[in-house]
Engineer: 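There's a structure below that I have some questions on.
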There are 2 protein chains.
Amino acid sequence: MRARVEQLKSGRKRVLEACHEPCPIERGMRLIGGKWKGSILWHLKDGPVRFNDLARMLGGASKKMISQRLKEMEDMDLLKRKVLNEQPVAVTYEITPFGRSALGILEELKDWSEHQGI
Amino acid sequence: MRARVEQLKSGRKRVLEACHEPCPIERGMRLIGGKWKGSILWHLKDGPVRFNDLARMLGGASKKMISQRLKEMEDMDLLKRKVLNEQPVAVTYEITPFGRSALGILEELKDWSEHQGI
DNA sequence: CAGAATCCAACCGGATACTG
DNA sequence: CAGTATCCGGTTGGATTCTG
């Protein structure tokens, strides 16, 4: 899976996986289906969240996992990293419009899980 | 992630992952988010499909992958395996009502992928 | 046709310790 | 606080070969 970079009007870049799966479902899963990715996005829906708060929300994920995923998701333009101030360092992660466009799927998934008693 | 077995009225069993993630999104992803799982389910929506046909539809997946996923998904009651006849052996995979209940999510995912040009 | 068996390299992800 | 660095065992998944 190789990355393709698309220039956005905003000046930022969106890295799309040059994932040549014929199936759009598989391609979508590569973006938001990885471990923790959906959860991360979901927890950002009500506003920016700080790193350690996110870690607490995710419960089982290690810092390493989280920072890896966050980096990937920033590259894909699903979220944006912001350094607020220094001493002590404060960083927040904020969902982008593109990331927000995926929330509907996640909400359906959430409802499904809950209704099916999973 | 340990399995819990639930007895269904049909007599079949559904293996639910005793996945204690606090987040329902993460739990749902464990069921239909794995590599190929969503695609498999999607390709079964119009009726039973045979093993090799499925392999062709999925393009990049090896037989090993597919048979592993199919087994997992049968255990989770997302689909049902049926041996049709013998010489040469014919087997089809058919989506269950439970599996069908997840199709809405996959359809949204598919639309999203296509509209976002992923 | 529909897999199972085996081999093996690559990656994943947890634990721990360290940094600015 | 928000990570990075390193170690390391376990899992994943491709390639290949074999079977009823």
Side-chain angles (χ1 to χ4, degrees), chain A residues 1-3 17 19-23 26-27 29-40 43-44 47-75 79-94, chain B residues 1-3 17 19-23 26-27 29-40 43-44 47-75 79-94:
Chain A
M1 189 145 59
R2 192 155 235 73
E17 305 298 325
C19 170
H20 296 311
E21 300 302 341
C23 179
E26 210 51 40
R27 293 200 303 277
M29 281 294 186
R30 297 293 205 279
L31 278 194
I32 57 169
K35 206 176 177 183
W36 303 115
K37 284 181 172 178
S39 308
I40 289 175
H43 288 298
L44 296 185
V49 181
R50 297 177 58 168
F51 185 86
N52 279 329
D53 293 336
L54 204 49
R56 251 164 261 130
M57 291 170 175
L58 294 178
S62 67
K63 288 178 162 193
K64 184 185 166 188
M65 271 301 80
I66 299 176
S67 66
Q68 276 181 5
R69 293 290 164 266
L70 285 172
K71 211 169 290 177
E72 291 171 20
M73 293 172 72
E74 195 191 3
D75 287 343
L79 52 81
K80 207 164 39 177
R81 180 178 186 272
K82 270 187 188 168
V83 180
L84 295 187
N85 58 344
E86 320 204 10
Q87 258 65 29
V89 188
V91 177
T92 64
Y93 293 88
E94 194 175 349
Chain B
M1 189 147 54
R2 193 156 234 73
E17 306 297 325
C19 170
H20 296 312
E21 299 302 341
C23 179
E26 209 51 41
R27 291 199 306 275
M29 281 294 186
R30 298 292 205 278
L31 277 195
I32 58 170
K35 207 176 176 184
W36 304 116
K37 284 181 172 181
S39 308
I40 289 175
H43 288 298
L44 296 184
V49 180
R50 295 178 58 168
F51 185 86
N52 280 327
D53 292 337
L54 205 49
R56 250 164 262 129
M57 292 169 174
L58 294 177
S62 67
K63 287 177 163 197
K64 183 184 166 188
M65 270 301 78
I66 299 175
S67 65
Q68 274 181 7
R69 294 289 165 266
L70 286 173
K71 210 168 293 178
E72 291 171 19
M73 294 172 73
E74 197 193 359
D75 286 343
L79 53 81
K80 206 163 41 178
R81 181 179 185 270
K82 270 188 188 168
V83 180
L84 294 187
N85 58 343
E86 320 204 11
Q87 256 66 31
V89 188
V91 176
T92 63
Y93 292 88
E94 194 176 349

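Convention: sequence-line order gives letters A, B, ...; per-chain numbering from 1.
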Engineer: Would you compute the distance between atom CG of A:Leu44 and atom CE of A:Met57 and round it to the nearest 0.5 angstrom?
Structural biologist: 8.0 Å
Engineer: Rounded at 0.5 Å granularity, tell me how far CG in A:Leu54 sits from CD1 in A:Ile40.
Structural biologist: 5.5 Å
Engineer: Could you give the angle between the helix axes at the two ends of the helix from C:dC1-D:dG20 to C:dG20-D:dC1, with five pairs per end, rounded to 10 degrees?
Structural biologist: 50°
Engineer: For each nucleotide in nucleotides 15-20 of chain C, reading 5' to 3', give B when a protein heavy atom comes within less than 4.0 Å of its base, S when such contact involves only the sugar-phosphate, and - otherwise.
Structural biologist: B----B
Engineer: What are the 5'-most and 3'-most nucleotides of DNA chain D lying under 4.0 Å from any heavy atom of chain A?
Structural biologist: D:dC1 to D:dC7
Engineer: Taking only residues two or more places apart in sequence, or in another chain, which ones meet B:Lys82 in a salt bridge (charged side-chain N to carboxylate O under 4.0 Å, His left out)?
Structural biologist: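 Here the qualifying residues are B:Glu94.
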Engineer: In this structure, how many angstroms lie between the P atom of C:dC1 and the CG atom of B:Leu84, rounded?
Structural biologist: 14 Å
Engineer: Look up atom OG1 in A:Thr92 and atom CZ in A:Arg50, then write down how far apart they are to the nearest 0.5 Å.
Structural biologist: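 It is 8.5 Å, given to the nearest 0.5 Å.
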Engineer: Please lay out, stage by stage, how B:Ser39 and A:Glu21 fare under the test side chain to side chain contact (heavy atoms under 4.5 Å, CB included).
Structural biologist: CA-CA 10 Å; B:Ser39 308; A:Glu21 300 302 341; over 6 Å; no
Engineer: Output the residues of residues 65-73 of chain A in contact with DNA chain D, where contact means a heavy atom of the residue under 4.0 Å from an atom of the strand; sort by number or write none.
Structural biologist: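 Within residues 65-73 of chain A, the residues near DNA chain D are A:Ser67, A:Lys71.
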Engineer: To the nearest angstrom, how far is B:Arg50 atom CZ from C:dA2 atom P?
Structural biologist: 4 Å
Engineer: Using salt bridge (charged side-chain N to carboxylate O under 4.0 Å, His left out) as the criterion, list what pairs up with A:Arg56, not counting sequence neighbours.
Structural biologist: A:Asp53
Engineer: Contact between B:Phe51 and B:Arg81 at the side-chain level, heavy atoms closer than 4.5 Å - yes or no?
Structural biologist: no
Engineer: Look up atom CE in A:Met29 and atom NZ in A:Lys37, then write down how far apart they are to the nearest 0.5 Å.
Structural biologist: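 Here the interatomic distance stands at 12.0 Å.
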Engineer: What is the distance, to the nearest angstrom, from the CZ atom on B:Phe51 to the C1' atom on C:dG3?
Structural biologist: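 Whole-Å distance recorded here is 6 Å.
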Engineer: Within residues 32-40 of chain B, which residues have any heavy atom lying less than 4.0 Å from an atom of DNA chain C?
Structural biologist: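 Those residues: none at all.
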Engineer: Show me the donor-acceptor pairs, under 3.5 Å and distance only, between side chains in residues 60-70 of chain A and residues at least two apart or in other chains.
Structural biologist:
{"from": "A:Ser62", "atom 1": "OG", "to": "A:Met65", "atom 2": "N", "distance (Å)": "3.3"}
{"from": "A:Ser67", "atom 1": "OG", "to": "A:Lys63", "atom 2": "O", "distance (Å)": "3.3"}
{"from": "A:Ser67", "atom 1": "OG", "to": "A:Lys64", "atom 2": "O", "distance (Å)": "3.2"}
{"from": "A:Arg69", "atom 1": "NE", "to": "A:Lys35", "atom 2": "O", "distance (Å)": "3.1"}
{"from": "A:Arg69", "atom 1": "NH1", "to": "A:Glu72", "atom 2": "OE2", "distance (Å)": "2.7"}

Engineer: Does B:Trp36 offer a backbone N or O that forms a donor-acceptor pair with the side chain of A:Glu26 under 3.5 Å?
Structural biologist: yes
